[in-house]
Amino acid sequence: MNAICKPTAKITAFNGPEPTPNPDVSDPKAIVNKLQDTFAKFQAENDAALKGKANSDTVDNINKEITDLKAALDTATKQAARSMVGGLGGDNAAVVAGHAASFMTRARGKKAKVGDPADIEAYQNYVSAFGDLVRGGLNADMLGPDIRAALSVGSDRDGGYMVPTEMSSEMERRLFETSPIRQIARVIRIGTSAWEAPYKSSKGTSGGWVGERTQRNNTDTGKVGIQRIETHEQYAYPEVTQSMLDDASMDVESFVIEDTEDEMIRVENAGCVTGDGVMKPKGYMSYKDTAVTTSDKNDRPWGKLQYIPIGDAGAFPSLSSGADKADCFIDTIYALNQAYRAGSVWTMNSTVEAAVRKLKDAEGRYLIGMSQIEGSLEFDIHGYPIVNMEDMPDLGADSFPIAYGNFRRGYFLIDRMGFRLLRDPYTNKPYVGYYITKGVGGDVRNFDAIKLMKAAAS
C-alpha cells in the first residue's frame, strides 16, 4: 500500500477519568497512555468547538498538554534514569545528620570526629548552592551573595569548593530544544577540510524519433558541476579549578565536557536548519528566499527549492472558505518524485504541529494520525512521520513553517574528525581548561528531494 493511503490510526474516544497534569516522566509507558487519552480528548473537544459547543481556550489548553507530553516522552526515552544533584542520603535522619556533621566540621578546617554537632540546615544550604554552582557553569561570580556566602563555608585557599558528602554521581542535565537533523540527514565522515562530488545541473535532450535515412543533428548535452561542502570549526573552552577536580566525588570533568559538547551539537543542529553557510553549515531553510513554485518536471534551476503555497497568508485556510485544509499537504506529497517518498518526513516546530493537529480534510477526518511503534508514539500526516525541528519558523505571513522530503537523499551533513579535546592545565592556573573543537559542514545535496511549504496564497 502506498504510504499516502495509510489509514489514520484509530484512537478510542476519551471516556476515562480526568488525566493527571504531570505523569511520571521516568515511565515512558505511563506517558504513552496519557498521551493517547489526551489526544482522543483533544479531538473530541475540537469537534465540539467547531460546532460551537465548546470553548476554544479549552482546546488550546489540551493541545498544549499534548505538546508537553510529547516532550516528556522524548525526555523519558532518552534519559530513563537520571539523578538529582544534592540528594541527602535518603530518609534516615541519623545518616543525614552524620553527613552534615562530618562535612561541616571538615569545611571549617577541623578534623571530623564522632559526636560533632550536626548543622543540617547549613549543610542543606551548601548542597543546594553547590548544585547551583555546577549547573551554572562553575562560575561563582554569577551567583547571588547569599549563595556565595553558603559556598564560602567550604572555600579553601585556592578558591575551590568542597563537594557535599552525599551527592549523586550523575548530574541532572537541563534539556534544550533543538533540531535533530542527524536523525534524518545523510552523515558523511571525512578526514579533509571539504567534501566534493559532481552534480547534474541540467539533463540531456533527445533528438526525437527518426527514420532509417533521417539526418541526425547534434543535441544538447547534460551539464555537470562540482558541489563542494566546506567544513567549519566550532569551539568551546570551559575552565574548572584544579581544586574542584581534586575534591569532587562526582566526575566533574566528564560532566563539563559532555555538557559543552551537548550545547555545541545544539548550535550545529541550528546551523544545519537555518545557517547561511558563512563559517557555519548552510541550512536547508536558507534556500527559502530563492525558492520558486517551478516543479521538478519544468526544469527548475539547480540550487533552488520548490515551495507549495499553504493557501492563505499566515494561516491554514478554513473549510468554510471553500478550501480543503488538507489539499496543500497532499499537493506537497505529490510534488515530490515518487522515488523519494519512501523515507520522507515532515519537519516543523512543535508550535506549528499544534496548529496542524486541529486540521481536518473535506470529509471531516483529522489530518494528523498517531501510531505506536516499539512502545513509543509517532505522529504522522498521511502516513509520513513528523519530526520537530525547533529552529524552523512559526506560522506567519509569507513564512516557510513546514518542509517535507527525503532528507537522507536531500541534505548531507559532513563530519570532520568528530569532537577533539585538548586538556590544558597550564595556561591559566589554577584553572584546567578544556579546548573542544568540532569540524562540520552541511548543505542541500538534492534540490528535488526536499519541498518547502509557504504560508501564502500563491
Side-chain angles (χ1 to χ4, degrees), residues 3-4 8 35 39 42 46 60 63-71 73-74 176-185 266 269-275 283-289 291 305-317 325-336 340-341 343-361 366-371 377-408 410-411 444 449-456:
I4 186 68
T8 299
L35 189 51
F39 189 58
F42 163 76
N46 192 49
D60 290 339
N63 202 1
K64 182 181 182 303
E65 186 178 1
I66 293 174
T67 301
D68 293 341
L69 285 168
K70 280 189 63 183
L73 180 60
D74 184 60
F176 294 89
E177 293 179 337
T178 187
S179 299
I181 187 68
R182 286 176 177 268
Q183 292 181 11
I184 61 174
R266 193 195 69 77
N269 290 342
C272 291
V273 176
T274 62
Y284 61 92
M285 291 303 299
S286 67
Y287 289 94
K288 62 182 177 58
D289 294 331
L305 291 177
Q306 179 188 1
Y307 78 83
I308 291 82
I310 287 176
D312 199 354
F316 293 105
K325 294 179 180 181
D327 277 356
C328 56
F329 291 91
I330 295 175
D331 292 344
T332 302
I333 291 172
Y334 281 98
L336 192 69
Y340 299 141
R341 290 179 203 156
S344 292
V345 298
W346 301 94
T347 66
M348 64 193 77
N349 68 35
S350 55
T351 301
V352 174
E353 182 188 341
V356 178
R357 283 190 207 120
K358 299 179 180 180
L359 302 184
K360 292 185 173 185
D361 62 20
Y366 278 97
L367 211 57
I368 285 188
M370 178 192 290
S371 55
L377 289 182
E378 182 179 89
F379 286 83
D380 62 68
I381 301 175
H382 293 302
Y384 297 101
I386 299 172
V387 178
N388 288 139
M389 297 286 183
E390 299 301 341
D391 295 294
M392 290 187 65
D394 291 334
L395 185 66
D398 296 322
S399 68
F400 291 79
I402 300 173
Y404 166 79
N406 189 323
F407 286 81
R408 208 162 298 279
Y411 192 87
V444 173
I450 298 174
K451 305 297 178 183
L452 303 179
M453 295 181 70
K454 183 178 182 180

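Since this is a predicted model, take the numbers as computed values, not measurements. The first residue in the sequence is number 1, and the count goes up from there.
- A donor-acceptor contact closer than 3.5 angstrom is absent between the side chains of Asp361 and Tyr366.
- Side-chain contact check for Glu378 versus Ile386: every heavy-atom pair is 4.5 Å or farther apart.
- Lys454 places none of its side-chain heavy atoms less than 4.5 Å from the side chain of Ile308.
- A donor-acceptor distance shorter than 3.5 angstrom exists from the side chain of Asn349 to the backbone of Met392, with no hydrogens or angles considered.
- Of the inter-residue distances, the one linking Phe42 atom CZ with Ile368 atom CD1 reads 8.0 Å to the nearest 0.5 angstrom.
- Between Leu336 and Gly405, the shortest heavy-atom contact is CD2-CA, 4.1 Å.
- With sequence neighbours excluded, no residue satisfies salt bridge (Lys or Arg N to Asp or Glu O under 4.0 Å) with Arg408.
- Side-chain contact of Asn406 with Arg341: a donor-acceptor pair under 3.5 Å is absent, judged by distance alone.
- Between Pro401 and Val352, the closest heavy-atom pair is CB-CG2, 3.9 Å.
- For the pair Ser399 (side chain) and Leu395 (backbone), a donor-acceptor distance under 3.5 Å is absent.
- Residues Cys272 and Arg182 form no side-chain contact, since every pair of their non-hydrogen atoms from C-beta on lies 4.5 Å or further apart.
- Of all heavy-atom pairs spanning Tyr340 and Ser344, the tightest one is O-OG, 2.7 Å.
- Here Met453 contributes atom CE and Phe400 contributes atom CZ; the two are 11.5 Å apart, rounded to the nearest 0.5 Å.
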| request: Just do the side-chain contact (heavy atoms from CB on, under 4.5 Å) check on Glu353 and Asn388 with the steps written out, would you? | output: CA-CA 8 Å; Glu353 182 188 341; Asn388 288 139; 2.9 Å; yes

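- Annotation for Ala456 and Pro309: closest pair O-CB, 3.4 Å, computed over non-hydrogen atoms.
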| query | Passes side-chain contact (heavy atoms from CB on, under 4.5 Å), Leu35 versus Ile66? Steps please. | reply | CA-CA 6 Å; Leu35 189 51; Ile66 293 174; 3.8 Å; yes

| request: Evaluate side-chain contact (heavy atoms from CB on, under 4.5 Å) for Ile184 paired with Thr347, printing each intermediate quantity in order. | output: CA-CA 10 Å; Ile184 61 174; Thr347 66; 3.9 Å; yes

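- When only modelled atom types and interatomic distance are considered, Glu390 and Ser350 share a side-chain donor-acceptor pair under 3.5 Å.
- With sequence neighbours excluded, the residues forming a salt bridge (Lys or Arg N to Asp or Glu O under 4.0 Å) with Asp68 are Lys64, listed by chain and number.
- Pairing each heavy atom of Phe316 with each of Ala355, the nearest pair is CE1-CB, 4.3 Å.
- Atom CG in Leu452 sits 8.0 Å away from atom CD1 in Ile450 (nearest 0.5 Å).
- Between the side chains of Ser179 and Arg266, no donor-acceptor pair is found at a separation under 3.5 Å.
- Within the 4.5 Å cutoff, no side-chain heavy atoms of Asn269 are placed close to those of Pro180.
- With hydrogens and angles disregarded, a donor-acceptor distance shorter than 3.5 Å links the side chain of Ser286 to the backbone of Gly283.
- Each of Tyr384, Trp346, Phe39 was evaluated against Phe379; a single residue qualifies, Phe39, per the ring-ring contact (aromatic ring centres under 6.0 Å, His included) test.
- Counting only N and O atoms by type, the side chains of Lys360 and Asn46 include no donor and acceptor under 3.5 Å apart.
- With respect to the salt-bridge test (charged N to carboxylate O, under 4.0 angstrom), the residues Lys358 and Asp60 qualify.
- A cation-pi geometry, defined here as NZ or CZ lying under 6.0 Å from the six-membered ring centre and within 45° of its normal, does not hold between Lys451 and Tyr404.
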| task | Go through the steps to decide whether Met348 and Ile381 satisfy the test side-chain contact (heavy atoms from CB on, under 4.5 Å), and finish with yes or no. | result | CA-CA 12 Å; Met348 64 193 77; Ile381 301 175; 4.0 Å; yes

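- Residue pairs meeting the salt bridge (Lys or Arg N to Asp or Glu O under 4.0 Å) criterion with at least one partner in residues 394-407, sequence neighbours excluded, do not occur; the list is empty.
- In terms of modelled atom types and a separation under 3.5 Å, the side chain of Asn63 and the main chain of Ala354 share a donor-acceptor contact.
- Rounding to the nearest 0.5 angstrom, the gap separating the CG atom in Leu305 from the OH atom in Tyr284 is 10.5 Å.
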